[in-house]
Amino acid sequence: MRRTLSGILMLAAIISAGCDNTVENATPPTTPVPTVTETFTGNVNINGGSTHTFTATAAGSVTATLFGVTPVNTVTVGFSIGTWNALSGSCQSVIAKDDSVQGTVLTGNASAAGMLCARIYDVGKLTETIGYTITVTRP
């Protein structure tokens, strides 16, 4: 019996020596940042524009979609997303599409949390005031 017990203890020592229960440089699991969708509406006059600000709470994908252009949904306008400069009160366009129509989607990536903006503007094609709806999905 003594011989069997010492054999079991030796086997247990060998097994435990081969198992390292410590975790080095483990990356803790990250919690996904929830996305938020905001809706902005307004009007753009001939030669005018409109800017809406929003806050990305973390780095991640930002998508702006131009919906509901009225009264003519085929009119061409400028549409952009960018960073908001609170000191100058201006939207610095990062992604712009000067031939946007209803249904245009702009997608970018916010590298950090911060103030961002979406802008719609006349590119010389408006013959009357238009109404619009923009949705922005962001972290």
Side-chain angles (χ1 to χ4, degrees):
M1 180 76 167
R2 189 167 168 87
R3 186 178 215 184
T4 307
L5 183 57
S6 64
I8 292 173
L9 291 176
M10 183 179 283
L11 181 59
I14 292 170
I15 291 172
S16 66
C19 296
D20 185 5
N21 291 332
T22 61
V23 178
E24 294 181 31
N25 298 325
T27 304
T30 58
T31 303
V33 177
T35 58
V36 175
T37 300
E38 294 182 71
T39 301
F40 304 104
T41 60
N43 297 307
V44 175
N45 297 322
I46 296 171
N47 297 322
S50 186
T51 302
H52 300 278
T53 61
F54 54 95
T55 303
T57 58
S61 181
V62 177
T63 301
T65 305
L66 180 59
F67 284 112
V69 178
T70 59
V72 180
N73 65 2
T74 58
V75 67
T76 301
V77 295
F79 184 42
S80 67
I81 55 177
T83 56
W84 178 251
N85 183 331
L87 294 176
S88 66
S90 63
C91 183
Q92 177 64 49
S93 292
V94 175
I95 300 170
K97 184 165 176 31
D98 288 342
D99 60 349
S100 295
V101 293
Q102 179 173 301
T104 297
V105 177
L106 302 176
T107 302
N109 191 45
S111 59
M115 289 294 294
L116 303 174
C117 49
R119 181 162 171 72
I120 181 172
Y121 49 93
D122 181 15
V123 290
K125 305 284 183 172
L126 295 184
T127 58
E128 63 184 315
T129 299
I130 62 162
Y132 65 87
T133 300
I134 296 171
T135 62
V136 174
T137 303
R138 46 100 181 148

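Bear in mind that the values here come from a model prediction, so they are computed numbers and not experimental data.
- Thr53 contributes atom OG1, which lies 9.5 Å from atom CG of Leu116 (distance to the nearest 0.5 angstrom).
- Residue Gln102 is tested with Thr74, Val69, Val77 for a side-chain contact (heavy atoms from CB on, under 4.5 Å); the sole match is Val69.
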Under 3.5 Å, side-chain donor or acceptor atoms of residues 119-137 against the rest of the protein: list the pairs with distances, not counting sequence neighbours.
residue, atom, partner, partner atom, Å
Arg119, NH1, Thr51, OG1, 2.8
Tyr121, OH, Asp98, OD1, 2.4
Asp122, OD1, Gly124, N, 2.8
Asp122, OD1, Lys125, N, 3.0
Asp122, OD1, Leu126, N, 3.2
Asp122, OD2, Asn47, N, 2.7
Thr129, OG1, Asn45, OD1, 3.0
Tyr132, OH, Ser50, OG, 2.7
Tyr132, OH, His52, NE2, 2.6
Thr137, OG1, Thr37, OG1, 3.1

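- The CZ atom of Phe79 lies 6.5 Å from the OG1 atom of Thr65; values are rounded to the nearest 0.5 Å.
- Linking ILVMFWY side-chain heavy atoms closer than 4.5 Å, directly or via other members, places Trp84 and Val62 in two distinct hydrophobic clusters.
- Cluster annotation: Ile81 is not connected to Val101 through the hydrophobic network of ILVMFWY side chains, with a link wherever side-chain heavy atoms come within less than 4.5 Å.
- Contact record, Ala58 with Pro139: O-CG, 3.1 Å, taken as the closest heavy-atom pair.
- Grouping the Ile, Leu, Val, Met, Phe, Trp and Tyr side chains by contacts below 4.5 angstrom, directly or via other members, places Leu66 apart from Val105.
- Nearest heavy-atom pair, Ser61 versus Thr107, reported as atom, atom and distance to 0.1 Å: OG-CG2, 3.9 Å.
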Please list, one pair per line, the donor and acceptor atoms closer than 3.5 Å that link side chains of residues 86-97 to other protein atoms, with sequence neighbours excluded.
residue, atom, partner, partner atom, Å
Ser88, OG, Ser90, OG, 2.7
Ser93, OG, Ser80, OG, 3.1
Lys97, NZ, Asp99, OD1, 2.6

